[in-house]
Amino acid sequence: GAITTVRGCADTDTGVKDDGAVRLARKVEVYQWHEDRDESKEETTFRYERRWSEEDIASSEFEQPTGHRNPPRAKPLYSQPINAPDARLGVLGCDEVLGAMEPAEEAWCTVALSPEYIFFPDAKGPDGAKAGDVRVSYKACPAPCAASVVAVQDGERLRAFTPRDVNLGDDTPSMVL
């Protein structure tokens, strides 16, 4: 079926909103020092450079941490999906089903939002970034979005299917959609 929305998605952490999306994939990266190790038979050398990464890097574990300190993120944001709270599959609410999807499912969020990046603590852009700065980007899954789901109808909503939902012969009916 097709997943639809009337209100779209909004990220309350940044104020980004897309009225036509059933899901936003928020990607958060922090500018930080990376340690690259080059090993040969005679010696091991270390190279340090700053680059964007989704994961926090513990610079205290570097071989040469002096001068390569990674401070805490300028804004405590992390990558995550944001779902439309009024997402529907046909007449049934399906926001819980969207919430249960694994992050690997973000492949269907393909429409990049503008601006390409939002920078924290301010809009310096990539050339003025320093360690600890954060950039955020978004991709949207516009409605209507074709989807196949395995879910259980619970009143007027769909919820994620779990092994407990299998009818094992008792008199309680189960309906899997």
Joint hydrophobic cluster, Val134 plus Trp33, side-chain heavy atoms closer than 4.5 Å: no
Residues which pass salt bridge (charged side-chain N to carboxylate O under 4.0 Å, His left out) with Asp13, listed by chain and number, not counting sequence neighbours: Arg26
Over 12 foreign heavy atoms within 6.0 Å of CD, Gln64: yes
Could you pull out all residues at least two apart from Tyr48 that satisfy ring pair (Phe, Tyr, Trp, His ring centres under 6.0 Å)? Phe62, His68
Are side-chain heavy atoms of Tyr117 and Glu29 found at a separation under 4.5 Å? yes
So does Glu63 get a backbone contact from the side chain of Glu35, meaning a donor-acceptor N/O pair under 3.5 Å? yes
Expected output: side-chain Gln80 to main-chain Val28 donor-acceptor under 3.5 Å: no
Here the pair of heavy atoms bringing Ile3 nearest to Leu98 is CD1-CD2, 3.9 Å
Salt bridge (charged side-chain N to carboxylate O under 4.0 Å, His left out) partners for Arg51, two or more places apart: Asp36, Glu49
With no hydrogens and no angle check, just 3.5 Å: does a side-chain donor-acceptor pair link Asp18 and Tyr138? no
For atom CD of Glu61, decide whether the heavy atoms of other residues, nucleotides or ligands shown that lie under 6.0 angstrom number more than 12. no
Could you tell me if the side chain of Arg37 sits less than 4.5 Å from the side chain of Thr44, heavy atoms only? yes
If you take all heavy atoms of Ser137 and Glu116, which pair is closest and at what distance? CB-O, 3.3 Å
Using 0.5 Å steps for rounding, measure from the CZ atom of Arg50 to the CG atom of Asn70. 10.0 Å
Are any non-hydrogen side-chain atoms of Ser59 and Gln32 less than 4.5 angstrom apart? no
With Asp86 via side-chain contact (heavy atoms from CB on, under 4.5 Å) - residues at least two apart: Thr5, Val6, Arg7, Ala84
Say you draw a straight line from CZ of Arg69 to OG of Ser60; how long is it, rounded to the nearest 0.5 Å? 10.5 Å
Those residues at least two apart in sequence (or on a different chain) that pass salt bridge (charged side-chain N to carboxylate O under 4.0 Å, His left out) with Asp38 are none
May I ask you to say whether Arg135 pairs ionically with Asp133, meaning some side-chain N is under 4.0 Å from a carboxylate O? no
Can you see which heavy atom on Pro85 is nearest to which on Gly8, and at what distance? CD-O, 3.7 Å
From CG (Asp11) to NZ (Lys17), nearest 0.5 Å: 12.5 Å
To the nearest 0.5 angstrom, please state how far the CG atom of Asp56 sits from the CD atom of Glu54. 11.0 Å
Which distance, rounded to the nearest 0.5 Å, do you find between the CG of Leu24 and the OG1 of Thr14? 9.0 Å
Would you say Tyr78 and Tyr31 are hydrophobically clustered, going by side-chain heavy atoms of ILVMFWY under 4.5 Å? no
What residues form a side-chain hydrogen bond (donor to acceptor under 3.5 Å, both in side chains) with Asp154, not counting sequence neighbours? none
Same apolar cluster (I L V M F W Y, side chains within < 4.5 Å links), Trp52/Ile57: no
Has Arg73 got a side-chain atom pairing as donor or acceptor with Pro76's backbone, closer than 3.5 angstrom? no
